[in-house]
Colleague: 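Quick one: this structure, given as structure tokens, is what I'll be asking you about.
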Amino acid sequence: MPPEPTPAAPAARRAWRGPLAALLAGGLQALCFAPGPLPAWSLPFVQIAALAVLAALTFQAPGPRQAAGLGWLFGLAQFGIGVYWLTISMHEFGGLPLPLAIAALLLFAAAMAVYAAGACALTAWLCAGHGRPERRAPRQILNAVAWASAWTLAEWLRGTLFTGFTWLNVGYAHAEGMFAPWAPLAGVYGLAWLAAFSAAAVALMARAKDTAYDRSAAAVVGLALLAGLLGIAWGHIEWSRPLGEPLMVRLVQPATPQSDKFQPELFLPTQARIQRLASLAPKSEADRPAVVILPETVLPIFQDQVPESVWRQWREAAESMRATFVLGAPLHVDTPVGDRYTNGAIALRPRDAASSPAGHAWHYDKRHLVPFGEFIPPGFHWFVRALRIPLGDFDRGPARQPPLAVGGQFLAVDICYEDTFGEEIAATVAPDGPDAPGASILANLSNLAWFGDGWALRQHLWIARMRALETARPVVRATNTGATAVIDARGQVLGALEPGRPGVLDAEVQGTQGLTPYVRWGNAPILLWTLLGLLLAARARRYPA
């Protein structure tokens, strides 16, 4: 007969349940930031369920240290799976061996997981003693507030410290659903708070064991549902109104393979192909675009290195289309204090196409740069040299830059990763004086070919939808390989091109005016609300009932 299991065996199995559940829940949450792995309608519910697992584990943890470990495992799985596409740029285009690329991804995921670990540790400390029968019933709403506030603070810190990384903020899973209409009021961090509070409600209800506890947990669930019902009500509010006449916009998706983009021998034929694509005849005169927008670094060399013959062809394209062309390009300018290099965009207008040697009268300099991709943090030059990625160290553009005026509309251009920072995009919508109007249309120029054709493309589109919701502005996206799309002021995708295929998307875009509460006040209200929740929880911990 086999020996009977010792008491230590079941205890050891129980000890692994929590870490395993945290890893699985983190992996599940990684699927919730764009449709594809999961249907779009399910993303908010799955995200809340995944985070509810971590909330329950945190409430059950013996102390802050154990809670931090569970949160770290959750974050490790979330980022290790959710941004797996970083290995594509490091390995396929950066030349880093695949094992080292995977190791770099895991190291990055481990660093991002620290924020989730901090949120769990803080919650466990604030909610210490919540399991005592004489104290648990009156504490459940405050425990849920503590969890939501700690999680939101961690999300904000992750999006702010060390230039910030906002990707996979839980609020992005709610670009659709009953919480989405809260975005014009509280932004993505407000949605993160509501999502975390709802996750706490699910966790508390799942742990309900007696009548008093049931009642208290049900109150938390009721508050979460009330927030959803209010969101449905907010959805009927018009936060903006039309400005002028609709603008005909053409978005160009060249689908240039990243492996070809920086090959000198392919520069001229690639430019000719993109020019033909951008200059396709419209279906009718009424469909003729007023502005043609091309992606980030559609000109892959500095503008002062582009042959004059290529500039002449672009100017002729603008003249023949009678449209303003917006092209992404790295820019080099001589200044009295030295050379300045930026990742930028330039405009070619038909009426002033010959106004300068390069033929552009308006330009934009990217202001929020990607670490390692566009600037090198101190001490990491060796890493960028190992990757062999071009265009690795740019200067930052100024915080406020004038929008591009076209056809009575004002386009605020941002480049790739910049639109993940809602407070910075909101600043482009607010007017900066009588002679500096705010944007009526947001335009994003991106090149995600660095990351293949996987989740990054859909995740970025989801992020753009959140920016439209927060600002009540339409968003147009011109990308190299996807997702090229038009999004209306209510965050709905009106049209999109199939990723990975060359094409143009012609659309009539109605610019808007008017300021949402989020544009007026930014993240200040949700941060104050978060700090208030943490202070109340800390006071209750110090002076228990």
Side-chain angles (χ1 to χ4, degrees), residues 247-258 260-282 287-333 341-366 390-391 402-407 411 413-416 443-447 449 476-481 484 497 502-506:
L247 186 71
M248 285 301 302
V249 176
R250 168 169 289 181
L251 306 174
V252 181
Q253 181 171 286
T256 304
Q258 195 63 28
D260 296 349
K261 195 173 181 69
F262 295 98
Q263 298 298 323
E265 65 275 13
L266 298 178
F267 175 77
L268 291 177
T270 298
Q271 290 297 298
R273 177 180 65 84
I274 298 173
Q275 288 163 359
R276 289 194 297 270
L277 186 64
S279 303
L280 289 174
D287 295 324
R288 181 176 297 278
V291 59
V292 178
I293 305 177
L294 295 104
E296 175 187 20
T297 60
V298 70
L299 292 169
I301 60 177
F302 288 103
Q303 93 288 353
D304 56 354
Q305 298 174 353
V306 175
E308 175 55 32
S309 60
V310 174
W311 279 122
R312 183 173 63 253
Q313 291 164 358
W314 278 114
R315 290 195 295 265
E316 289 173 353
E319 290 286 355
S320 66
M321 293 292 292
R322 302 197 301 278
T324 297
F325 275 49
V326 180
L327 299 87
L331 305 179
H332 170 222
V333 179
Y341 301 91
T342 61
N343 186 7
I346 58 178
L348 299 178
R349 299 179 186 271
R351 63 179 180 275
D352 59 12
S355 62
S356 68
H360 65 273
W362 174 93
H363 76 278
Y364 170 78
D365 296 321
K366 188 175 183 181
L391 308 176
L404 174 65
V406 180
L411 278 66
V413 170
D414 59 82
I415 296 177
C416 197
N444 177 261
L445 282 59
S446 291
N447 174 31
V476 295
R477 307 186 72 245
T479 71
N480 182 18
T481 55
T484 298
L497 294 178
V504 298
L505 177 61
D506 292 340

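Positions are given from 1 along the sequence.
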Colleague: Identify the heavy atoms of Ser279 and Arg250 that sit nearest to each other, and give their distance.
Modeller: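 Heavy atoms only, the tightest pair is C-NH1, 3.9 Å.
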Colleague: Out of curiosity, Phe325 CZ to Ile346 CD1, how far, rounded to the nearest 0.5 Å?
Modeller: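 These two atoms lie 12.0 Å from each other.
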Colleague: Could you list the residues that satisfy side-chain hydrogen bond (donor to acceptor under 3.5 Å, both in side chains) with Asp304, not counting sequence neighbours?
Modeller: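 Checked Asp304 against side-chain hydrogen bond (donor to acceptor under 3.5 Å, both in side chains); matches are His332.
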Colleague: If you define the side chain from C-beta out and look only at heavy atoms, does anything of Val291 sit under 4.5 Å from Val476?
Modeller: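 Side-chain contact under 4.5 Å: no.
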Colleague: Taking all non-hydrogen atoms of both residues into account, name the closest pair between Ile293 and Ala443 and its distance.
Modeller: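 Residues Ile293 and Ala443, closest heavy atoms: CD1-CB, 4.3 Å.
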Colleague: Listed by chain and number, what are the side chain to side chain contact (heavy atoms under 4.5 Å, CB included) partners of Leu277, not counting sequence neighbours?
Modeller: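 Checked Leu277 against side chain to side chain contact (heavy atoms under 4.5 Å, CB included); matches are Val252, Leu280, Pro502, Val504.
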Colleague: Working note: Trp362 + Val413, criterion side-chain contact (heavy atoms from CB on, under 4.5 Å); need CA distance, chi angles, decisive distance, verdict.
Modeller: CA-CA 11 Å; Trp362 174 93; Val413 170; 3.7 Å; yes
Colleague: If you compare all heavy atoms of Thr324 against all heavy atoms of Pro350, which two are closest, and at what distance to 0.1 Å?
Modeller: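 Scanning both residues, the minimum pair turns out to be N-CD, 4.1 Å.
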Colleague: Name the one of Val292, Val249, Leu404, Val406 that satisfies side-chain contact (heavy atoms from CB on, under 4.5 Å) with Val326?
Modeller: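 Among Val292, Val249, Leu404, Val406, the one meeting side-chain contact (heavy atoms from CB on, under 4.5 Å) with Val326 is Leu404.
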Colleague: Taking side-chain hydrogen bond (donor to acceptor under 3.5 Å, both in side chains) as the test, write out the residues that go with Thr479, two or more places apart.
Modeller: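 Expected list: Thr484.
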Colleague: Drop me the distance from Asn343's CG to Asp365's CG, to the nearest 0.5 angstrom.
Modeller: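 Separation between the atoms: 9.0 Å.
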Colleague: Assess the residue pair Trp311 and Leu348 against the criterion (side-chain contact (heavy atoms from CB on, under 4.5 Å)); give the C-alpha distance rounded to whole Å, side-chain angles, the decisive distance to 0.1 Å, and a yes or no.
Modeller: CA-CA 10 Å; Trp311 279 122; Leu348 299 178; 4.1 Å; yes
Colleague: Between Arg315 and Glu308, is a salt bridge (Lys or Arg N to Asp or Glu O under 4.0 Å) present by the stated rule, with each step listed?
Modeller: CA-CA 10 Å; Arg315 290 195 295 265; Glu308 175 55 32; 2.4 Å; yes
Colleague: Apply side-chain hydrogen bond (donor to acceptor under 3.5 Å, both in side chains) to Gln313 and list each qualifying residue two or more places apart in sequence or on a separate chain.
Modeller: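 Residues passing side-chain hydrogen bond (donor to acceptor under 3.5 Å, both in side chains) with Gln313: none at all.
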Colleague: State the CG-CG distance between Leu251 and Leu445, to the nearest 0.5 angstrom.
Modeller: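 Here the rounded value is 9.0 Å.
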Colleague: Tell me which pairs pass side-chain hydrogen bond (donor to acceptor under 3.5 Å, both in side chains) where either residue lies in residues 261-271, with sequence neighbours left out.
Modeller: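 Passing the test, one end in residues 261-271: Gln271-Trp314.
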Colleague: Could I get the full list of side-chain hydrogen bond (donor to acceptor under 3.5 Å, both in side chains) partners for Asn447, not counting sequence neighbours?
Modeller: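 Listed in chain order: Gln258, Asn480.
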Colleague: Where do Met321 and Pro289 come nearest, in terms of heavy atoms and distance?
Modeller: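 Looking at all heavy atoms of both residues, the closest pair is CE-CG, 3.7 Å.
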Colleague: Identify the two heavy atoms, one from Phe267 and one from Pro300, that lie closest to each other, and give their separation to 0.1 Å.
Modeller: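 It is CE1-CD, 3.7 Å.
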Colleague: How many angstroms lie between atom CD1 of Ile274 and atom CG of Leu327, to the nearest 0.5 angstrom?
Modeller: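 Separation between the atoms: 9.0 Å.
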Colleague: If you compare all heavy atoms of Leu331 against all heavy atoms of Tyr364, which two are closest, and at what distance to 0.1 Å?
Modeller: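 Residues Leu331 and Tyr364, closest heavy atoms: CD1-O, 4.0 Å.
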